[in-house]
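To start, the structure itself, in structure tokens.
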Amino acid sequence: MTARHLAVVAGLIASISVAITAQNAVDDLIAKNIAAKGGLEKLKSIQSMKQISTMTTQGVDATITVYSKRPNLQRQEVKIAGQTVTNGFDGEVSWIINPLSGMNRAIVVTGPQADIIREQAAFDGPLVDYLARGSKVLLSGGVETIGDRKVQHLQVIARTQQTQHIYLDAETNLETRIVSTRTAESSNRNCRTTVKSRA
């Protein structure tokens, strides 16, 4: 084997080593996040929950209330500009009521938007069993700062290509902020969601 071949092999081994180290760091952070919520067994024992968050989308503030039931039933209400936009997933069909677009009754959603709603309906969130759902989780840089808190920044890329940036508090290992970029055929939207309370 020539010196050039040895250098190529060494480079490949180094790349693989870096990738394994990064993946181990991601899995360690996810394990800490799950433990901070009481452990996987406790999480799996929860059958329904309600979450309230705040969101900024295209410079407009909104309040999100999400009702979820295992395994993947969800209703999401977004109060924005004096109106309530509602979408949901019943286990088979994605639907939406959007008075901002003149839709005052539920309509069935298809295509990329339906995939996004279905992905959001995953009861245990984007980190639990992410590999089984076809998602990738990357560690984005080192420790960052939000306000006066140190956070770890994870980037979750779903099979639908929806990307979520999840910021875990470096001390509590719980979510501090979630920034979601949703790309569909009809629109490009950057949504910033800050979790205020958990069920």
Side-chain angles (χ1 to χ4, degrees), residues 33-34 36-38 42-130 133 135 146-147 154-169 174-199:
N33 174 256
I34 292 172
K37 295 175 180 176
K42 185 174 182 179
L43 283 178
K44 294 291 187 180
S45 71
I46 299 171
Q47 298 301 308
S48 63
M49 64 180 171
K50 175 183 177 180
Q51 296 174 297
I52 300 175
S53 310
T54 60
M55 176 180 79
T56 301
T57 176
Q58 298 178 347
V60 179
D61 294 333
T63 299
I64 307 173
T65 303
V66 179
Y67 304 89
S68 303
K69 185 175 182 180
R70 195 177 291 280
N72 59 351
L73 306 178
Q74 186 181 94
R75 177 187 177 94
Q76 177 176 277
E77 299 174 353
V78 181
K79 293 186 178 181
I80 183 170
Q83 300 282 349
T84 300
V85 178
T86 306
N87 66 57
F89 183 66
D90 65 5
E92 295 183 2
V93 175
S94 299
W95 57 271
I96 190 170
I97 303 172
N98 187 358
L100 297 175
S101 299
M103 296 182 294
N104 294 308
R105 62 178 183 174
I107 64 168
V108 174
V109 178
T110 59
Q113 188 177 10
D115 292 337
I116 289 171
I117 293 174
R118 186 182 301 111
E119 183 70 29
Q120 290 176 333
F123 187 87
D124 293 312
L127 296 180
V128 176
D129 298 330
Y130 71 91
R133 295 203 309 275
S135 298
I146 296 179
L154 295 177
Q155 183 178 356
V156 183
I157 305 171
R159 58 182 177 78
T160 60
Q161 297 308 304
Q162 176 184 1
T163 300
Q164 294 186 77
H165 297 269
I166 299 179
Y167 299 86
L168 301 180
D169 188 286
L174 294 173
E175 291 86 345
T176 294
R177 179 176 296 175
I178 300 173
V179 179
S180 179
T181 303
R182 305 171 189 172
T183 303
E185 291 176 349
S186 58
S187 64
N188 292 322
R189 182 189 305 173
N190 293 324
C191 301
R192 174 164 294 179
T193 303
T194 304
V195 177
K196 293 296 186 182
S197 63
R198 296 179 177 81

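- Note that the NZ atom of K37 and the CG atom of L127 stand 6.5 Å from one another [nearest 0.5 Å].
- In this structure, the side chains of P71 and F123 stay at 4.5 Å or more apart for every pair of heavy atoms.
- Nearest approach of V156 to S135, heavy atoms of both residues: CG1-CB, 4.4 Å.
- Contact between S45 and K42 at its shortest, heavy atoms only, is OG-O, 2.6 Å.
- Legend: residues meeting salt bridge (Lys or Arg N to Asp or Glu O under 4.0 Å) with D90, ordered by chain and number and at least two apart, are absent.
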*Would you please test Q113 and I96 for side-chain contact (heavy atoms from CB on, under 4.5 Å) and show each step?*
CA-CA 10 Å; Q113 188 177 10; I96 190 170; 3.7 Å; yes
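- Note that OG of S48 and NZ of K69 are 7.5 Å apart. Values are rounded to the nearest 0.5 Å.
- Contact of the Q161 side chain with the P112 side chain is not registered, since no non-hydrogen atoms from C-beta on lie closer than 4.5 Å.
- For K44, the salt bridge (Lys or Arg N to Asp or Glu O under 4.0 Å) criterion is met by D124, D129, not counting sequence neighbours.
- The salt bridge (charged side-chain N to carboxylate O under 4.0 Å, His left out) contacts involving residues 75-87 comprise R75-E77, where partners must be two or more places apart or lie in separate chains.
- Dense packing is recorded around CZ of R70, with more than 12 heavy atoms of other residues, nucleotides or ligands lying under 6.0 Å away.
- Residues passing the side chain to side chain contact (heavy atoms under 4.5 Å, CB included) test with A122 are R133, sequence neighbours excluded.
- In this structure, the side chains of Y167 and V179 come closer than 4.5 Å at one or more pairs of heavy atoms.
- Q120 CD to I116 CD1: the interatomic distance, rounded to the nearest 0.5 Å, is 7.0 Å.
- Atom OG1 of T54 is separated from atom CD1 of I64 by 8.0 Å, given to the nearest 0.5 angstrom.
- Other residues, nucleotides and ligands contribute over 12 non-hydrogen atoms within 6.0 Å of the CD atom of Q47.
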*Show the numbers, then the answer: is there a side-chain contact (heavy atoms from CB on, under 4.5 Å) between T86 and W95?*
CA-CA 8 Å; T86 306; W95 57 271; 3.7 Å; yes
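- Among residues two or more places apart in sequence or in another chain, the side chain to side chain contact (heavy atoms under 4.5 Å, CB included) test is passed with S101 by N98, M103.
- Residue S94 comes nearest to A114 through the heavy atom pair OG-O, 3.1 Å, listed as atom of the first residue, atom of the second, then distance.
- I166 CD1 to I178 CD1: the interatomic distance, rounded to the nearest 0.5 Å, is 5.0 Å.
- For the residue pair D61 and I80, the shortest heavy atom distance occurs at O-CG1, 4.1 Å.
- Residues G91 and L73 come closest through the heavy atom pair N-CD2, 3.5 Å.
- Put simply, the side chain of R177 does not reach to within 4.5 Å of the side chain of H165, judged on heavy atoms.
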*Could you walk me through whether L100 and V85 pass the side-chain contact (heavy atoms from CB on, under 4.5 Å) test, one step at a time?*
CA-CA 7 Å; L100 297 175; V85 178; 3.8 Å; yes
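- The side chain to side chain contact (heavy atoms under 4.5 Å, CB included) search around D169 returns R149, E171, T172, T176, not counting sequence neighbours.
- E175 CD to Q164 CD: the interatomic distance, rounded to the nearest 0.5 Å, is 10.0 Å.
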